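Below: one structure, written as structure tokens.
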Number of protein chains: 2
Amino acid sequence: MPFTYAYPRAALTVDCVVFGFDGADLKILLIRRGVAPFLGSWALPGGFVRVTETLDDAARRELAEEAGLTQVFLEQLYSFSGVDRDPRERVVSVAYYALVKLADHPTMSAGDASDAAWFPLTQLPPLAFDHAEIVKIALERLRTKVRYQPIGFELLPKQFTLSQLQDLYEAVLRTAMDKRNFRKKILAMGLLIPLNGRTQLGAHRPAQLFRFDAKKYAALKKRGFHFEL
Amino acid sequence: MPFTYAYPRAALTVDCVVFGFDGADLKILLIRRGVAPFLGSWALPGGFVRVTETLDDAARRELAEEAGLTQVFLEQLYSFSGVDRDPRERVVSVAYYALVKLADHPTMSAGDASDAAWFPLTQLPPLAFDHAEIVKIALERLRTKVRYQPIGFELLPKQFTLSQLQDLYEAVLRTAMDKRNFRKKILAMGLLIPLNGRTQLGAHRPAQLFRFDAKKYAALKKRGFHFEL
DNA sequence: TCAAAAGTGTTCTTGATACACCCATGC
DNA sequence: GCATGGGTGTATCAAGAACACTTTTGA
């Protein structure tokens, strides 16, 4: 059932850079390709956009199909249009980045995709197409955005300790931060709600758990508040 | 000469939000449509992406064809994909925003487009398609970006006074700024080169002209400097 | 000489930085 | 009782905010 047009058209795809944090390293989710081209290579989850869906719809559908991920933070990143980025034909890809609570999706053994795995950013394998470039842009975006919007919480479990939060920021921004100043600043915003539960983990003093107060943030933002860390 | 594909494909367009500054108001460039749909309505300059060109190429080509603009600051903004955003068929549009030195392109009587005109942002006519939404997103981007990247200079002539620069920031950010503090801060960055010429304008004290030192900025940026105003 | 925009310093307040020790727990 | 990470306060320094008058020119 062919579809014909008066002028040639590029194919349209979405690709998703999915970030996760395991408490130590920032990681991204890759899928091993089961079809040519780049058969057997690692690639970003993604695929063709259907003519009946928006780009956001397509990105969410691909995340669900290829990685079993739903309900994740997802934001459009950039559109990539190099004329030869796909060896088969002209393909324009709209890239997204997603943030997932790795601890909540335990071990995350992927969906129906042939093969999916988390890679630390420092140990990425060679990637198909121009996906290395897309990852680079996504990382830049994450680094700048995490500083002035409270999106870091999307990478942590709903309940987290201040040390976990600081570890996350240090991993994303690749900088060491002073513990007292970090706690002072983040608590001064009044966006973290202390919970009565506690965490024990290993053999140490239990830490206070917090959750991010999204409603309060939304209200403050309307009144001109700017998150910044 | 039809082109056929196994699956239906969306058409792909680019649309450009072109900002200009006349010394008092921030303006955008609109084109009056000469074809259906929205015949006679005002719309953003833009058009279909050819299968042989990148998105950036397409945006620059459309700016040249429809508005006679070349050599302008141009940056990809966001991709819009509402299923019904074009009444004819499925069209995905990649939006760009451009900054032009309005004073250098004098009166800017447009290119070969049937009709082009500059509108102050406060007095925009109804726009075709979802272009009002695109303008809104572009304006948000401009407002956030102008504060931490030196792109404001793209809207001023190469030589400008500090008052012109401050007027620009006040127009874009819609805030009043203190003259002494503004000058102190911007000069402290060391990115403005004072010129020996002077401007006279009306019947007042001449003002020192400056130009932006793009080379110095590039060098500083590499060493971790962050522009911020 | 007047109107209009250019230009210039200091004080105060606020937020950022630097820094070291005790606490609670499991082993 | 010891190893491990959790938790806390102050003093200093830098940057941002507030603020009013003199200068230069053309008309």
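Remember, predicted model here, so these are calculated numbers, not experimental data.
- Applying the salt bridge (charged side-chain N to carboxylate O under 4.0 Å, His left out) criterion to B/R61, with sequence neighbours excluded, gives B/E53, B/E65.
- Rounded to whole angstrom, the span from the CG atom of A/D167 across to the C1' atom of D/dG6 amounts to 12 Å.
- Ring orientation note: the planes of B/F73 and B/Y97 are tilted relative to one another, at an angle of 30° to 60°.
- The nucleotide whose nearest atom lies closest to any side-chain atom of B/H204 is, among D/dA18, D/dG7, C/dA5, C/dA5.
- Here B/D22 pairs with B/K27 under the salt bridge (charged side-chain N to carboxylate O under 4.0 Å, His left out) rule; sequence neighbours left out.
- Distance from the side chain of A/Q208 is smallest for D/dG7 among the nucleotides D/dG7, D/dA18, D/dT23.
- Applying the salt bridge (charged side-chain N to carboxylate O under 4.0 Å, His left out) rule to pairs touching residues 127-147 of chain A yields A/E75-A/K145, A/R85-A/D130, sequence neighbours excluded.
- Along DNA chain D, the nucleotide nearest to A/K184 and the one nearest to A/F210 differ in position, and the one closer to the 5' end is contacted by A/F210.
- Within residues 173-181 of chain B, the residues that place at least one heavy atom under 4.0 Å from DNA chain C are, in residue-number order, B/K179, B/R180.
- A/L229 places its CG atom 14 Å from the C1' atom of C/dG15, with the value rounded to the nearest Å.
- Taking a 4.0 Å limit (strictly below) on heavy-atom distances, residues 142-159 of chain B does not reach DNA chain C anywhere.
- If you measure from atom CD of A/Q166 to atom P of D/dG7, you get 12 Å, rounded to the nearest angstrom.
- Take A/F21 and apply the ring-ring contact (aromatic ring centres under 6.0 Å, His included) test, not counting sequence neighbours, and it matches no residue.
- Shown here are the ring-ring contact (aromatic ring centres under 6.0 Å, His included) partners of B/F210, two or more places apart in sequence or in another chain: there are none.
- One can place CG of A/L187 at 12 Å from P of D/dG9, the figure rounded to the nearest angstrom.
- In this structure, B/L165 atom CG and C/dA5 atom P are separated by 18 Å, rounded to whole Å.
- Among D/dG5, C/dA6, D/dT8, the nucleotide with an atom closest to any side-chain atom of A/R183 is D/dT8.
- Applying the salt bridge (charged side-chain N to carboxylate O under 4.0 Å, His left out) test to every pair with at least one member in residues 174-196 of chain B, sequence neighbours left out, gives no pairs at all.
- Side-chain N/O atoms of A/S163 include one lying less than 4.0 angstrom from OP1 or OP2 on D/dG6.
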For residues 219-229 of chain B, run the donor-acceptor check on the side chains, cut-off 3.5 Å, and write out each pair with its distance to 0.1 Å, sequence neighbours left out.
none

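- Rounding to the nearest 0.5 angstrom, the gap separating the OG atom in B/S79 from the CG atom in B/D15 is 10.5 Å.
- Counting atom types as modelled, A/K185 pairs no side-chain N or O with a base atom of C/dT17 as donor and acceptor under 3.5 Å.
- Atoms CZ (B/R205) and P (C/dA6) sit 9 Å apart, rounded to a whole Å.
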